[in-house]
Peer 1: 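Next up is a structure, given as structure tokens.
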Amino acid sequence: MVFSFSKLLALATLISAASAFSGDATYYLPNGGYGACGQKLQNSDHVVALSSAQYNNGANCGRHIKVNYNGKSVTAKVADLCPGCASGSVDLAESAFKVLAPLDKGRIRVTWNYV
């Protein structure tokens with residue numbers, strides 16, 4: 001069976017869209033503390049805490065996600081657990097949140113996927 005490039009690209013886009021998550025993004029200051037994944041985190045690190053559902057008992061530690069908001073995006077490393085986050089929501093380190101929106105927004109609606 002032969003597939004055209006355009007059909008393969010369409011399939012890849014469909015698969016990618018199917019694995020996208022949506023939820024709220026908030027921010028926090030790691031302040032040099034240790035994240036649930038066991039690494040020391042700095043406020044300047046582009047790291048993210050995932051909800052319990054996506055954290056999956058640490059199975060996603062070290063993976064990267066791309067977070068999208070109003071035409072902007074940031075890539076962050078999974079380094080922490082956000083037990084108070086709803087499924088699909090994320091808690092970004094302040095440095096990563098600022099790429100997407102001013103801190104005074106506090107909470108923004110985002111989509112994200114693993115990269």
Peer 1: Taking atom CG of N113 and atom OG of S22, what is their separation to the nearest 0.5 Å?
Peer 2: 11.5 Å
Peer 1: Just jot down the salt bridge (Lys or Arg N to Asp or Glu O under 4.0 Å) partners of R107, sequence neighbours excluded, or say none.
Peer 2: D24
Peer 1: Between side-chain atoms of residues 65-80 and protein atoms elsewhere (two or more places apart, or another chain), which donor-acceptor pairs fall under 3.5 Å?
Peer 2:
{"unit_1": "K77", "atom_1": "NZ", "unit_2": "Q39", "atom_2": "OE1", "d": "3.4"}
{"unit_1": "D80", "atom_1": "OD1", "unit_2": "A36", "atom_2": "N", "d": "2.9"}
{"unit_1": "D80", "atom_1": "OD2", "unit_2": "Y28", "atom_2": "OH", "d": "3.2"}

Peer 1: Per the disulfide (SG to SG under 2.5 Å) rule, what does the pair list look like for residues 24-63, sequence neighbours excluded?
Peer 2: C37-C61
Peer 1: Would you say N57 has more than 12 foreign heavy atoms packed within less than 6.0 Å of its CG?
Peer 2: no
Peer 1: By the salt bridge (Lys or Arg N to Asp or Glu O under 4.0 Å) test, which pairs, at least two apart or in different chains, include something from residues 31-44?
Peer 2: none
Peer 1: With the 4.5 Å side-chain cut-off for hydrophobic clustering, are W112 and Y55 part of the same group?
Peer 2: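 Yes; Y55 is reachable from W112 via cluster members.
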Peer 1: Can you name the side chain to side chain donor-acceptor pair (under 3.5 Å) partners of Y114, sequence neighbours left out?
Peer 2: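 Scan of Y114 (side chain to side chain donor-acceptor pair (under 3.5 Å), adjacent residues dropped) gives N60.
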Peer 1: Got a sec, which pairs hit disulfide (SG to SG under 2.5 Å) with one end in residues 72-115, sequence neighbours left out?
Peer 2: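 Those involving residues 72-115 are C82-C85.
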Peer 1: I'd like to know if V48 and V110 are part of one continuous hydrophobic network [Ile/Leu/Val/Met/Phe/Trp/Tyr, side-chain heavy atoms within less than 4.5 Å].
Peer 2: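 Yes, it is one cluster - the side chains of V110 and V48 are joined through contacts under 4.5 Å.
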Peer 1: Scan the side chains in residues 91-101 for donor-acceptor partners under 3.5 Å anywhere in the protein, sequence neighbours excluded, and list what turns up.
Peer 2:
{"unit_1": "D91", "atom_1": "OD1", "unit_2": "T26", "atom_2": "OG1", "d": "2.7"}
{"unit_1": "D91", "atom_1": "OD1", "unit_2": "Y27", "atom_2": "N", "d": "3.3"}
{"unit_1": "S95", "atom_1": "OG", "unit_2": "N43", "atom_2": "O", "d": "3.3"}
{"unit_1": "S95", "atom_1": "OG", "unit_2": "S44", "atom_2": "O", "d": "3.2"}
{"unit_1": "S95", "atom_1": "OG", "unit_2": "D45", "atom_2": "O", "d": "2.9"}
{"unit_1": "S95", "atom_1": "OG", "unit_2": "H46", "atom_2": "ND1", "d": "3.1"}

Peer 1: Any chance you could pull the hydrophobic cluster mates of V115, using side-chain heavy atoms under 4.5 angstrom and chaining through other members?
Peer 2: none
Peer 1: Checking S87 now: which residues fulfil side chain to side chain donor-acceptor pair (under 3.5 Å) with it, not counting sequence neighbours?
Peer 2: Q54
